Amino acid sequence: MPELPEVESTVRYLKERVEGLSIERAVILWHRTIALNRGKSFSQQVAGATITEVFRRGKLVGMRLAGASDQFLFTHLRMSGSLDVLPSSFDVAPHDRVIIFLSNGKSIRFNDTRKFGRMYLTPSPDEVVRSLGVEPLSAEFTPELLQRLLAGRKRAIKPALLDQSLIAGLGNIYVDESLWRSGIHPLSPCSSLPEDAWRSLRRSIQEILSEAVSLLGTDFGDGVVDGGMYRPSVYGRTGERCPRCSGEISRIVVGQRGTHLCLSCQPKPRKARHRVKLTRGAKAPSQKRRKR
DNA sequence: CAAACTCCCTGTTAGC
DNA sequence: TGCTAACAGGGAGTTT
């Protein structure tokens, strides 16, 4: 699933292929993908505009569109989204949701199997980006800031790190990886972490994100959007050996999210309020099932 | 106000 | 082997 490094890769890919080109028209194949669009139809709004800049903010791909009135087009890839640039003569692919035809005979294809991805078209970027927290690879992201953001909270560290309004761009993979590298249990209440944890955690987050960015994202083999070379140490490696201590990697659930960790490198906090459910054990009955 | 829960989706997989 | 139901997950919206 695309997180900051994968989105950064997408942005770099798009930068060299679409910056400076103009949009001829757009076709919406799944209407709900367009989550924000003031005024006329999406296609009418973007037709004729020039893509002057492609950038990233958190997990969002941003495009500045210069036209009759300036617009910003943001794309959130969510779970399964990808943006590709293909010759316009190529057929529509399964799961293509939006196609943007460009002036050079190519087109941007927003492909999104699970339909969670969204596009936001707006004249004011702040409307989309306002709620996002600090960029974790920026100089602004200091140990002091991290501590100030989190230390006063009672919630577990993992859901706090996933909160995009605090830090923008971390997802399940890189949070698990960062907590492992810093030896912090994901259920540790933020307020229980020692002073030096914040320095370590900031360092782990930046190291891992930088490494993943330079390797073009995480290698899954099955992902359409990923395809990078970053190899997780614990994420998705339940039952395998911890690279640091050779202990067994466990999988638990934290805040409804699958969570991977090494229990000997990341000792359990004393008074975890949540139950720890091991995948390998007897499966707990799932108490929440929707009714419709 | 912070935190937790619900729902959106479909390909994959566990379980029988 | 074939089928079904559970599962996965980011974040907007809702509830506690």
Side-chain angles (χ1 to χ4, degrees), chain A residues 1-7 10 29-37 56-61 74-82 93-98 110-120 122 127-133 136 148-177 186-192 217-218 220-226 232 235-239 251-260 272-275 277-292:
Chain A
M1 57 227 95
E3 304 179 23
L4 188 153
E6 292 77 20
V7 176
T10 298
L29 299 161
W30 178 254
H31 201 261
R32 296 187 62 174
T33 297
I34 308 300
L36 179 65
N37 177 28
R56 181 189 63 74
R57 176 74 174 94
K59 300 180 193 172
L60 287 163
V61 176
F74 289 98
T75 304
H76 200 306
L77 303 172
R78 291 282 176 87
M79 308 299 300
S80 58
S82 66
H95 314 307
D96 276 352
R97 307 305 179 197
V98 176
F110 183 32
N111 188 280
D112 181 27
T113 305
R114 295 192 189 176
K115 298 180 176 175
F116 279 10
R118 293 289 181 266
M119 282 183 157
Y120 309 86
T122 175
E127 182 175 17
V128 176
V129 155
R130 186 178 36 210
S131 61
L132 294 178
R148 180 149 34 92
L149 286 172
L150 300 184
R153 296 168 192 271
K154 291 176 184 171
R155 71 198 300 202
I157 184 68
K158 172 158 178 174
L161 292 175
L162 287 171
D163 189 333
Q164 300 298 299
S165 70
L166 301 173
I167 303 169
L170 293 179
N172 213 28
I173 298 171
Y174 298 109
V175 166
D176 281 4
E177 294 294 296
L187 284 173
S188 308
C190 292
S191 53
S192 77
T218 290
F220 275 99
D222 59 332
V224 186
V225 284
D226 304 287
Y235 184 86
R237 296 187 171 278
T238 312
R251 183 180 185 280
I252 64 176
V253 175
V254 179
Q256 338 279 63
R257 302 270 155 75
T259 299
H260 311 76
R273 290 131 55 235
H274 306 69
R275 263 193 317 281
K277 187 180 85 180
L278 294 173
T279 303
R280 298 156 50 75
K283 62 165 190 192
S286 69
Q287 72 289 32
K288 48 111 205 218
R289 210 55 272 175
R290 61 147 177 301
K291 66 250 162 152
R292 242 213 333 214

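Since we're looking at a predicted model, the values are computed, not measured. Lettering follows sequence order; numbering is per chain, from 1.
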Distance below 4.0 Å between A:Tyr235 side-chain N/O and C:dG9 OP1 or OP2: yes

Take the protein atom NZ of A:Lys154 and the nucleotide atom P of B:dC1, then report the distance between them rounded to whole Å. 17 Å

List the residues meeting side chain to side chain donor-acceptor pair (under 3.5 Å) with A:Asp163, not counting sequence neighbours, and say none if there are none. A:Arg155, A:Ser165

For nucleotides 11-13 of chain B, which of its nitrogen or oxygen atoms have a protein nitrogen or oxygen under 3.5 Å away, and what is each distance?
| from | atom 1 | to | atom 2 | distance (Å) |
| --- | --- | --- | --- | --- |
| B:dG11 | OP1 | A:His95 | NE2 | 3.4 |

With sequence neighbours excluded, what pairs up with A:His76 under the side-chain contact (heavy atoms from CB on, under 4.5 Å) test? A:Lys59, A:Leu60, A:Arg78, A:Tyr120

Which residues share a side-chain contact (heavy atoms from CB on, under 4.5 Å) with A:Ser188, sequence neighbours left out: A:Ile157, A:Ile184, A:His185, A:Ser192, A:Leu193, A:Pro269

List the atom of A:Leu4, the atom of A:Ala168, and the distance in Å for their closest heavy-atom pair. CD1-O, 3.9 Å

Between atom CG in A:Leu77 and atom P in C:dG9, what is the gap in whole Å? 17 Å

Closest non-hydrogen atom pair, A:Asn111 against A:Pro94: ND2-O, 2.8 Å

Please answer whether the main-chain N or O of A:Thr122 pairs with a side-chain N or O of A:Glu127 as donor and acceptor at a distance below 3.5 Å. no

Bend angle of the helix from B:dA2-C:dT16 to B:dC16-C:dG2 from five-pair axes at both ends, rounded to 10°? 60°

Assign A:Arg32 to base, sugar-phosphate, or nothing according to its heavy-atom contacts below 4.0 angstrom with the strands shown. sugar-phosphate

Check: protein-nucleotides 11-14 of chain C nitrogen or oxygen pairs below 3.5 Å:
| from | atom 1 | to | atom 2 | distance (Å) |
| --- | --- | --- | --- | --- |
| C:dG11 | OP1 | A:His76 | NE2 | 2.8 |
| C:dG11 | OP2 | A:Lys59 | NZ | 3.2 |
| C:dG11 | OP2 | A:Gln164 | NE2 | 3.3 |
| C:dG11 | N7 | A:Arg257 | NH2 | 3.3 |

Measure across A:Glu3 and A:Gly171 and return the closest heavy-atom pair with its distance rounded to 0.1 Å. OE1-N, 2.9 Å

Indicate yes or no for a side-chain donor-acceptor contact from A:Asn172 to the backbone of A:Gly258 under 3.5 Å, with no hydrogens or angles considered. yes

Integer-rounded Å distance: C:dG10 P and A:Tyr174 OH: 12 Å

Nearest whole angstrom, please: distance from the C1' of B:dA4 to the CZ of A:Arg153. 14 Å

Could you tell me which non-hydrogen atom of A:Thr259 sits nearest to which non-hydrogen atom of A:Pro186, and how far apart they are? CG2-CG, 3.5 Å

A:Leu149 CG - B:dC1 C1' separation (whole Å): 16 Å

If I compare all heavy atoms of A:His260 with all of A:Arg237, which pair ends up nearest, and what's the gap? CD2-N, 4.2 Å

Kindly give the heavy-atom pair with the smallest separation between A:Asp112 and A:Gly81, and that separation in Å. OD1-N, 3.3 Å

How many Å lie between NE2 on A:His260 and C1' on C:dA8, as a whole number? 10 Å

Can you tell me how far C1' of B:dA3 sits from CD of A:Gln256, to the nearest Å? 12 Å

Could you state the atom-to-atom distance from CE of A:Met79 to P of B:dC7 in whole Å? 18 Å

